[in-house]
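We count ligands from 1, going down the list as the structure has it; atoms in each ligand are counted the same way. What's counted below: heavy atoms across the whole structure, side chains too, no hydrogens, waters or symmetry copies.
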Amino acid sequence: MTKTYSILQANPNSYFQQYREIILKKIEEVLDSGCYINGEQVKLFEKQFAQYCNVAHAVGVANGTDAIELTLRALNIGPGDLVFTVSHTAVATVAAIERTGALPVLVDITQNTYTMCPVSLAETLSAAYKGKYPGKPAAIIPVHLYGECADMDEILHVAGQLPVIEDCAQAHGAKYNNKNAGSMGIAGTFSFYPTKNLGTLGDGGCIVTSNTLLAEQIKILREYGWKQRYISNSPGINSRLDELHASILNIFLPMLNKSNEIRRKIAKIYYTELQKLKSVQLPLEKPNRTHVYHLYVIQLDNRDMLKIFLSNRGITTGIHYPQPVHKQPAYINRLPLSPHGLPETDKVFPKILSLPLYPGLSENDILYITSTIQKYFDSSTWNN
Ligand SMILES: *Cc1c(COP(=O)(O)O)cnc(C)c1O
């Protein structure tokens, strides 16, 4: 008898089902409490997530995009300012910068880690200081993509006095020289979208920082610019984390280290089973870093052929992302790039493929995936 496989690339539902009873009970409790916004659940989550990240403050907001926008705005960054980030990221990183009125300037990545290249950053900054782009350098946003921290020592060094905001939306619990993602720059921004390493069952986000003034300013901006109720001190927005989602995050946060461990175990099996394939480049885990494998991204030629081969055998894969931001219709030919362009970014995006990875993926499923990949290469001519 053959089993029919249907394996998703990510599966937040399996996590919900695992904790269904606890979650439903908690939701009932919150609904019965009568407090739905700015209550005990949000306060508790902010306290515990700040502790988890080893920073003084966490400020809950509506999503990870707002987290970036509010941090920039709280730093008084807006029209006339340049914010440096990568093109190889979720479009949200760049969209958030544009929302402030600042101009995103796109920097290249390093080929093997997919994160901001400190050399490209240095070249771009130096061109900016010479007046190449219309605006003045104001901030840098490296993205800890796929679950591994960017080269933070080098980036902080190149940044000098400029504030560095870590986009940690894919790196909850990741470490760099034993420092937590989000604790190295002036602030770290998180998304709690359902598929993230720490996700709620809806939208959510947060900013972590040890800068008390910055945390206070973000709290003001997230709620209409109110310093006191009904009196706006500065023009703010509405971007709140609500009690229901905070209560779900309070259930999942104590399990984050364990579920990251499970992700790392799955990555280890992938590595063991796939390392013999010469034409596949596996993720590189740099020393001094704890990769939390938000995604397991491999690189190969003819990526789409393997994607289809796997899909025909019940295995869903993802592409993160099919086009870098500077190639997408909304941004093409509109955003300034590093002086030498983005050669590594351009090289990598047609080759990347995200294999299924989520806590709850069974060892049998993983071995089915790796043996199917093996079968693909055995049967194809482009394997050398
Ligand atoms: C998910 C994500 C975001 C945006 O988070 P939302 O909660 O969807 O707004 C930002 N940056 C990166 C790198 C992400 O992966």
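- Side-chain N/O atoms of S338 and D108 include no donor and acceptor closer than 3.5 Å.
- Atom 12 (C) of ligand 1 has as its closest protein heavy atom A169 CB, 3.4 Å.
- Within ligand 1, the atoms closer than 4.0 Å to a non-hydrogen atom of N63 are 7 (O), 9 (O), numbered from 1 in the order shown.
- Between D167 and ligand 1, a contact under 3.5 Å exists for at least one N or O pair.
- Below 4.0 Å from some heavy atom of T89 lie the following atoms of ligand 1, by number and element: 13 (C).
- Of all atoms in ligand 1, listed by their number and element, those nearer than 4.0 Å to a heavy atom of V143 are 13 (C).
- Closest to atom 14 (C) of ligand 1, if we only count protein heavy atoms, is K196 NZ, 3.0 Å.
- Under the 6.0 Å cut-off for aromatic ring centres, F192 and F49 qualify, their centroids lying closer than that.
- In Y129, the OH atom is crowded: over 12 heavy atoms of neighbouring residues, nucleotides or ligands sit closer than 6.0 Å.
- For Y296 and Y146, the gap between ring centers reaches or exceeds 6.0 Å.
- Where the criterion is an N or O separation shorter than 3.5 Å, residue side chain and backbone included, Y193 fails it with respect to ligand 1.
- In this structure, P336 and L106 have side chains that are not in contact, with every pair of non-hydrogen atoms separated by 4.5 Å or more.
- Close approach of ligand 1 to A92 is summarised as follows: ligand atoms under 4.0 Å from at least one heavy atom of the residue are 3 (C), 4 (C), 10 (C).
- Looking at heavy atoms from C-beta onward, P359 lies out of side-chain contact with K258 at the 4.5 angstrom threshold.
- Remark: ligand 1 and G64 share an N or O pair separated by less than 3.5 Å (distance only, no angle test).
- The aromatic ring centroids of F349 and Y321 lie 6.0 Å or more from each other.
- Checked against a 3.5 angstrom limit, the closest N/O atoms of S191 and ligand 1 fall inside it.
- Short contacts between ligand 1 and T93, defined as distances under 4.0 Å to a heavy atom of the residue, involve ligand atoms 11 (N).
- Residue contact check: T65 has heavy atoms under 4.0 Å from atoms 4 (C), 5 (O), 6 (P), 9 (O) of ligand 1.
- Annotation: cation-pi geometry not satisfied between R20 and F16 (NZ/CZ under 6.0 angstrom from ring centroid, within 45° of ring axis).
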